[in-house]
There are 2 protein chains.
Amino acid sequence: MRLTKKERQSYLSQAFEQDPFLTDEEVAKKFHVSIQTIRLDRLELGIPELRERIKHMAEKKFDHVQSLSPNEVIGDVIDLQLHKSGISLLEISAEHVFKRNQIARGHILFAQANSLAIALADWKVALTGNASIRFVRPVRLGEKCIAFANVAEAHDSRLHVGVQTKVQEEIVFQGDFEVYRVGDDRGN
Amino acid sequence: MRLTKKERQSYLSQAFEQDPFLTDEEVAKKFHVSIQTIRLDRLELGIPELRERIKHMAEKKFDHVQSLSPNEVIGDVIDLQLHKSGISLLEISAEHVFKRNQIARGHILFAQANSLAIALADWKVALTGNASIRFVRPVRLGEKCIAFANVAEAHDSRLHVGVQTKVQEEIVFQGDFEVYRVGDDRGN
DNA sequence: CTCATTTTAATACCTAGTCCTAAATGCTAG
DNA sequence: CTAGCATTTAGGACTAGGTATTAAAATGAG
């Protein structure tokens, strides 16, 4: 005999979990049963059809993209004087930390400082060239990081920006960024 | 008159970007045109049908969840020899770039290198201390970044890691990371 | 008014299903 | 061996959300 119903259904659940993109037809071939059997199995196991499975995945992803929006700027720029100084605020939330120890990953602090440094430049296309940074002490979940940026040197196509990030007056991160202009566009 | 074809198509692209779950029927009602018109528009604009759009989103999510998990590590670590060397791969996708110019934001490259450097350390809690980095040339949407990390110095609670990121043999990013161990846990 | 563009309509077909009924197997107990 | 049950398979009707094609109607510009 092939497999019992129970055995098949158990493998079935696994299969769909592992690869949600399987059609009933593909699974039917895999298990050498008819497509109807697979459909009865899905019914009993409460596994929705291919299209529904895919849709749910897409919906979840959509939520993420919208809410987390890891896009233009990391941190809220609350003060900005172009080519002079700026301040950015970032509260460390769950998606910023290592799960194991609730410590913010380095590139989050870097991203806040880097975004701020670039925002300081009044150029259409500004990019980071060199940077030298120091993670002074670990930052934990829930802490509010305030990044202070100051322009140390300003040339017409290069900016030297120093950034200090503090949690309650305590320095947690320090960085020097060299931001440069691309192209000859001026103004925003 | 309603809208010209061009106007409608422009709004259409936006609409689908904003809400990829729209059916042609819904859109047709929104714009007060027939369903066929919408389909012609999609054809001309190269916008795939609802199911394909959803499927692509789900596929992306599936890739991400499996490998990137958008949290722990940025980039796919494809080779890793603890306390020695490692290689990580990252294809620059839309969420990594500035919309204006399709150039990858600095902290994405930093994140890839930083994640890799930390992955090299066989410690329960490893954090970045200092880092000195250089963005050699801008990286654009779609380019595949391969980060090569090598341990330059290894102490019992500190690691010096050099990272070079290349796009097709061309160096785009260079960084030196000092990773340190927290606590007295050894092994993983 | 005429011609080209644009829009709408109609039809056949597709996938990956659902839902329902019915028939064919398989297995077990009497 | 056979009645009775679970299990499996088959078939038909219908669905959403399309594609692809052909053709007719509406509209706008010269």
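Residue numbers begin at 1 in each chain, while the letters A, B, ... track the order of the sequences.
- As judged by a 4.0 angstrom heavy-atom cut-off over every strand, A:L40 is placed among the base-contacting residues.
- Using a cut-off of 4.0 Å between Lys/Arg side-chain N and Asp/Glu carboxylate O, A:K5 and A:E44 are scored as salt-bridged.
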| Using a cut-off of 4.0 Å between protein heavy atoms and nucleotide atoms, how would you tag nucleotides 10-19 of chain C 5' to 3' with B, S and -? | B----BBBB-
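- Looking only at atom types and distance, the side chain of A:D176 has no donor-acceptor partner in the side chain of A:S132 under 3.5 Å away.
- With hydrogens and angles ignored, the 3.5 Å screen pairs no side-chain donor or acceptor of B:H56 with any backbone N or O of B:R53.
- The aromatic rings of B:F110 and A:F110 sit parallel to each other, their planes meeting at less than 30°, with 60° as the upper class boundary.
- At whole-Å resolution of the value, CD1 in B:I35 and C1' in C:dA9 are 12 Å apart.
- Computed from coordinates, the B:E7 CD to C:dT7 P distance equals 11 Å when rounded to whole Å.
- Taking a cutoff of 4.0 Å between a charged side-chain nitrogen and a carboxylate oxygen, B:R137 and B:E143 qualify as a salt bridge.
- To the nearest angstrom, C1' of D:dA6 lies 13 Å from NZ of A:K6.
- For B:T37, a side-chain nitrogen or oxygen approaches OP1 or OP2 of C:dT8 to under 4.0 Å.
- For B:F16 and B:Y11, the ring centers are positioned 6.0 Å apart or more.
- Taking atom CG of residue A:D41 and atom C1' of nucleotide D:dA6, one finds them 13 Å apart after rounding to whole Å.
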